[in-house]
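Note sheet for the following structure.
We name chains A, B, ... by the order of the sequence lines, and we start the count at 1 in each one. Everything numeric in this text was worked out from a predicted model, so none of it was measured. Side chains are part of it too, since the values below use all heavy atoms of this structure and drop only hydrogens, waters and symmetry mates.
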Amino acid sequence: MSGEEEENAADLKIGEEFLKAKCLMNCEVALILEHKYEQLQQMSEDPMNQVSQVFEKSLQYVKRFSRYKNPDAVKQVREVLKEYQLAEFELCVLGNLCPETVEEAIAMVPSIKYKGRGLDDEKIEKMLSDLSLIKRFE
Amino acid sequence: MFFHIVLERNMQLHPRYFGRNLRDHLVTKLMKDVEGTCSGRHGFVVAITGIESVGKGLIRDGTGFVTFPVKYQCIVFRPFKGEILEAVVTMVNKMGFFAEAGPVQMFVSNHLIPDDMEFQSGDVPNYTTSDGSVKIQKDSEVRLKIIGTRVDATEIFCIGTIKDDFLGVINDPATI
């Protein structure tokens with residue numbers, strides 16, 4: 001596959017399939033996995049035995065690195081970021097890492113600065129302050 | 001990064017399961033077969049979240065087994081080169097350190113740790129800046145950038161760096 005060689009998330013080269021796919025932020029994954037884990041818990045005594053190691057590790061990871069815990073806040077983050085014409089992947093990186101400054105945001109997601117995106121520093125600044133507002137009122 | 005994608009798989013089912021609960025058996029078998037696996041293309045399959053469709057079954061000649069094409073939604077974890085993410089340090093040695101982001105193992109070589117951080121051996125091996133203000137040890141949380149991935153049959157392994165702006169320790173277990 002030729003795409004394999006050129007893969008670079010910084011330029012948003014993650015392959016057609018993943019570019020179109022729905023990305024999930026850590027906090028969203030946490031909600032889904034926790035729900036699934038609860039379901040398993042109701043069905044059997046020892047749910048940890050039922051799940052794969054991949055599931056267990058992922059659950060621990062997303063619990064540790066979720067910026068937002070409250071389901072409403074998680075929904076809000078996605079809604080706020082949607083207003084800025086971001087790609088799914090960019091949206092989730094920003095939602096996961098919650099950069100504090102414009103510089104940091106550009107370092108985390110270099111592709112937001114590319115031409116034709118209509119995102120100048122002011123807009124990025126506004127986006128970040130919207131995000132931190134959600135966090136504060138969570 | 002975690003993705004929610006639709007995948008397809010041909011499921012072979014033994015004739016003894018044909019009956020009212022055929023679909024349930026298919027789904028249970030699918031979960032057992034697929035969850036926890038890893039492929040280079042789609043990454044780690046963390047959990048199946050739904051079944052899109054179960055196609056028409058095809059009887060295999062001679063065996064009686066039936067193959068069903070099943071489309072299912074699942075959560076996958078797929079690391080990408082150039083991606084920046086957070087990870088937990090699992091082991092530190094003089095070559096560098098290992099970290100884990102969900103199911104993925106990562107290694108950061110000492111060449112890709114900032115030059116002002118020195119390796120300190122001892123009970124808790126760590127990398128520390130000369131003024132001692134920043135320390136990387138087991139259980140530290142770091143933000144790193146993936147610069148390479150290696151895929152083998154059952155695992156994806158990543159090489160990362162913390163030698164760039166806004167990368168490095170985000171949370172030191174010793175200071176909490």
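Salt bridge present: B:E141 and A:R64 bring a charged side-chain N and a carboxylate O closer than 4.0 Å. The pair B:R78-A:E7 meets the salt-bridge criterion, with a side-chain N (NZ, NE, NH1 or NH2) lying under 4.0 Å from an Asp/Glu carboxylate O. Between A:K126 and A:D120 there is no salt bridge, since none of the side-chain N atoms of the basic residue sits less than 4.0 Å from a carboxylate O of the acidic one. A:E88 has no carboxylate O lying under 4.0 Å from a charged side-chain N of A:K82, or vice versa, which leaves the two without a salt bridge.
Within the 4.5 angstrom heavy-atom criterion, only side-chain atoms of A:I32, from C-beta onward, approach chain B. Interface remark: A:S58 contributes backbone and side-chain atoms alike to the contact with chain B (heavy atom separation under 4.5 Å). At a 4.5 Å heavy-atom cutoff, the contact between B:I75 and chain A is made by side-chain atoms alone. Both the backbone and the side chain of A:E103 come within contact range of chain B, with heavy atoms under 4.5 Å apart. Contacts of A:V29 with chain B are made by side-chain atoms alone, with heavy-atom separations under 4.5 Å and no backbone atom involved. Neither the backbone nor the side chain of A:Q60 comes within contact range of chain B; no heavy atom of the residue lies under 4.5 Å from a heavy atom of that chain. The part of B:V45 that comes within reach of chain A is its backbone (N, CA, C, O), which places non-hydrogen atoms under 4.5 angstrom from that chain. With a threshold of 4.5 angstrom between heavy atoms, A:V109 does not approach chain B through any atom at all.
One N or O on the side chain of B:N93 and one on the backbone of B:M95 form a donor-acceptor pair closer than 3.5 Å. Judged by distance alone, with hydrogens and angles left aside, the side-chain atoms of A:Y61 form a donor-acceptor pair with the main-chain N or O of B:E86 at under 3.5 Å. Under the 3.5 Å distance criterion, the side-chain polar atoms of A:E34 are left unmatched by any main-chain donor or acceptor of A:L31. Between the side chain of A:E38 and the backbone N or O of A:H35 there is no donor-acceptor pair closer than 3.5 Å. Checking side-chain atoms of B:N126 against main-chain N and O of B:V92 turns up no donor-acceptor pair under 3.5 Å.
Using a 4.5 Å cut-off between non-hydrogen atoms, no part of residues 68-81 of chain A approaches chain B.
Across A:S52, A:P99, A:A9, the residue that shares the most heavy-atom pairs under 4.5 angstrom with chain B is A:A9. Among B:T37, B:I84, B:V76, the residue with the largest count of heavy-atom pairs under 4.5 Å with chain A is B:I84. When each of B:P103, B:C38, B:A47 is checked for heavy-atom pairs under 4.5 Å with chain A, B:P103 comes out on top. Most heavy-atom pairs under 4.5 Å with chain B, from the set A:K22, A:E28, A:E104: that is A:E104.
Ring planes of B:F65 and B:H14: perpendicular class, angle over 60° (limits at 30 and 60°).
In this structure, B:F3 has its ring center closer than 6.0 angstrom to the ring center of A:F18.
Residue pairs meeting the salt bridge (Lys or Arg N to Asp or Glu O under 4.0 Å) criterion with at least one member in residues 156-169 of chain B, sequence neighbours excluded: B:D115-B:K163, B:K145-B:D164.
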